[in-house]
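Keep in mind that the numbers below use all heavy atoms, side chains included, and drop hydrogens, waters and symmetry copies. Naming convention: chains lettered A, B, ... in sequence-line order (proteins, then strands); numbering from 1 in each chain.
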Amino acid sequence: MSDANGTGEEKPRGLDFIRQIIKDDLDSGRVQQVVTRFPPEPNGYLHIGHAKAFSLSFSVTEEFGGICRLRYDDTNPEKEDEEFVRVIEEDIRWMGFEWEGEPRHASSYFGQFYDWAVELVKAGKAYVDHQSPAEIIENRGTPTIPGINSPYRDRSEEENLEILEKMRSGELDEGACVLRAKIAMDHVNILMRDPSMYRIRKETHHQTGNEWCIYPMYDFAHGYEDAIEGVTHSLCSLEFENHRPLYDWFIENVSVPHRPHQYEFARLNLTHTIMSKRYLRKLVEENYVHGWDDPRMPTIRGMRRRGYPSTAIRKFIEEIGVSKVNSLVDVEFLNFHVREELNRKAQRRMAVLNPLKLTITNWPEGKIDTFTAENNPGDPDAGTREISFTGELWVEQDDYMDEAPRKWFRMAPGKEIRLKYAYYVTVNDAVRDDSGEPVELLCSYDPESRGGDTPDGRKVKGTLHWLSCHDAVDAEVRLYDHLITLEDVSKVEEGKEFLDYVNPESEIIVSNAKVEPALAAAVPEERYQFMRSGYYVADSADHVPGEKPVFNRIVGLRDSWAKIARKG
RNA sequence: UAGGACGUCGGCAAGCGGUAAGCCACCGGGUUUUGAUCCCGGCAUUCGCAGGUUCGAUUCCUGCCGUCCUAGCCA
């Protein structure tokens, strides 16, 4: 596509640092086959930030001939649920990826984790601590003040083993104690100041039921999960950089079957988009949106319902690249990729969002004319369809102005325009309501201009879309805009919270739109270009073919008139 | 006044000691029965700043500045 020099050669983009590392490891023989994993916690819906992460892990193995697994990081029974598992799998598949084998569960390794915890205790590298959470925090110190050793830090191996077994067997209450790694309370990295390994939680786990009442912490478990699965490159986001020494410490102090390595890259941030699970949940629970699949949500389900093709999302992710720079990507860049794909693939149709009656006063009574319309001017294989034309039409309200500004190509008193595929038409008069607003345009047409050209070769600047009143179909069209008005959602002003930036006009329901008869038969999730307007998708939930057409605007067309109008 | 990471065009992002790729945005122009698409052209004498090494530095070294991450019995 960017083969601008015409030689057939294109300078390839350099490998990103992750791919470079993998290539080097493969070239040097350090690893034979690259193995990655995508480890979501089953406690919510996946969003485009997750999509960036799993696209990387999956793509890298496709490119280098490795394997990528799906693993649920279900080490905390409190907020997790089986319900999310199905959704996660469906979303990943919709994005076009397939994991190796059956999905794994961190919870299925609980027995092994326990054995390794015992191994650490026996090596004098872990201990049971009875300090309260508050005491533990108190004694952890700060970035500049070293922590203080727990009074339980040096008890005997036998005692530790005995209490750990009591923790496991359920003899101890929640919060009574935790198992901690014995590293160093004065470590410069606070995460290394004797991190917790196990906490007691008497909660039913969605996979292991009541088998366990102690649950491993992320740092203790994650590297082991990778080790068990033979993961070579454990990719995660930048905020885990500080965790890497811990990841390595747990692996190095126990007899693991394999030595994985963690690499961190920058997570995705998009303008006008919140990615925090907590806030997304809030939007749903407090009814700012209609659900996790609301077309305004950045969840994969939301984007799917909005009509974004997964291939366009993938192209976008590919194009923004992978680096360690904390960046903020313009959401318009995503929209660019959506338009680019839809321009190639979406069939064109005519639809009038805000109908204004146009009557051709010199049209022969009862005559119906028929024209052949291209389904996609850029793709002859897309074929054609028949559209019919009469003297009573619907046109777009916005295409008429009583007093036209300079450079206005569209309808105005006395101005001649072309109705796409049909005829040249001139506005002669307007019927108005009590407030003076035009409710019907009275026009004359030039019979010589059939098909959109005249024998005398005269030109018109404007070509407008239209619908014939006799066969136009009523439809509901939903228009979407940024859910959050704030460009950089990390820059919430003092005294405000992000909910103050929810855009009240992010969803506009147009209930009296008119569409081509061909659109009534659209299949849910089918995408079209409404000419001169934008790209739309038949809603997956509410559109009923042949009965109730409902379309969502995916993204508008580029609008250079808006730019001209703005400049005056 | 801790440790770690990161700073290349308005936004992403290549560059790996030999004299600043690409994409988006933006600005011009052309084609067009979608003011869409498409096509052509423009858009960093400069790489956070200051020194140093070198024939030569965005690339190596030193110092400074800025941003982000870290003190859950969350992940």
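- Atom CD of A/E138 sits in a sparse spot, with 12 or fewer heavy atoms from other residues, nucleotides or ligands closer than 6.0 Å.
- Closest non-hydrogen pair, A/V427 versus A/A412, comes out as CB-O, 3.6 Å.
- Evaluation of the side chain to side chain contact (heavy atoms under 4.5 Å, CB included) rule for A/L191 yields A/N189, A/N242, A/H243, A/L246 as partners, not counting sequence neighbours.
- Under the rule for a side chain to side chain contact (heavy atoms under 4.5 Å, CB included), the partners of A/H206 that lie at least two apart in sequence or sit in another chain are A/P42, A/D74, A/E80, A/E82.
- Salt-bridge annotation for A/D453 and A/K459: absent, with no side-chain N of the basic residue lying under 4.0 Å from a carboxylate O of the acidic one.
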Compile the donor-acceptor pairs under 3.5 Å between side chains in residues 557-568 of chain A and protein atoms, sequence neighbours left out, one pair per line.
unit_1, atom_1, unit_2, atom_2, d
A/D559, OD1, A/W561, N, 3.2
A/D559, OD1, A/A562, N, 3.1

Find every protein N or O atom lying less than 3.5 Å from an N or O atom of nucleotides 25-29 of chain B, and list the pairs.
unit_1, atom_1, unit_2, atom_2, d
B/C26, OP1, A/K563, NZ, 3.2

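- Closest to the A/D330 side chain, of the nucleotides B/G11, B/U34, B/A13, is B/G11.
- Take A/D219 and apply the salt bridge (Lys or Arg N to Asp or Glu O under 4.0 Å) test, not counting sequence neighbours, and it matches no residue.
- The OH-C1' distance, from A/Y263 to B/C6, rounds to 19 Å in whole Å.
- Note on A/V331: nothing from the nucleic acid sits closer than 4.0 angstrom, heavy atoms only.
- Using a 4.0 Å cut-off, some side-chain N or O of A/S323 falls inside it from OP1 or OP2 of B/A13.
- No donor-acceptor contact under 3.5 Å links the side chain of A/R532 to the base of B/G35.
- Cation-pi check for A/R199 over A/Y215 is not met; the charged atom does not lie both under 6.0 angstrom from the ring centroid and within 45 degrees of its normal.
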Legend entry - Nucleotide-resolved protein contact map, nucleotides 66-75 of chain B, B/S/- at heavy-atom distance under 4.0 Å: --SBSBSBBB

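- Between the C1' atom of B/C6 and the CZ atom of A/F17 lies a distance of 11 Å, rounded to the nearest Å.
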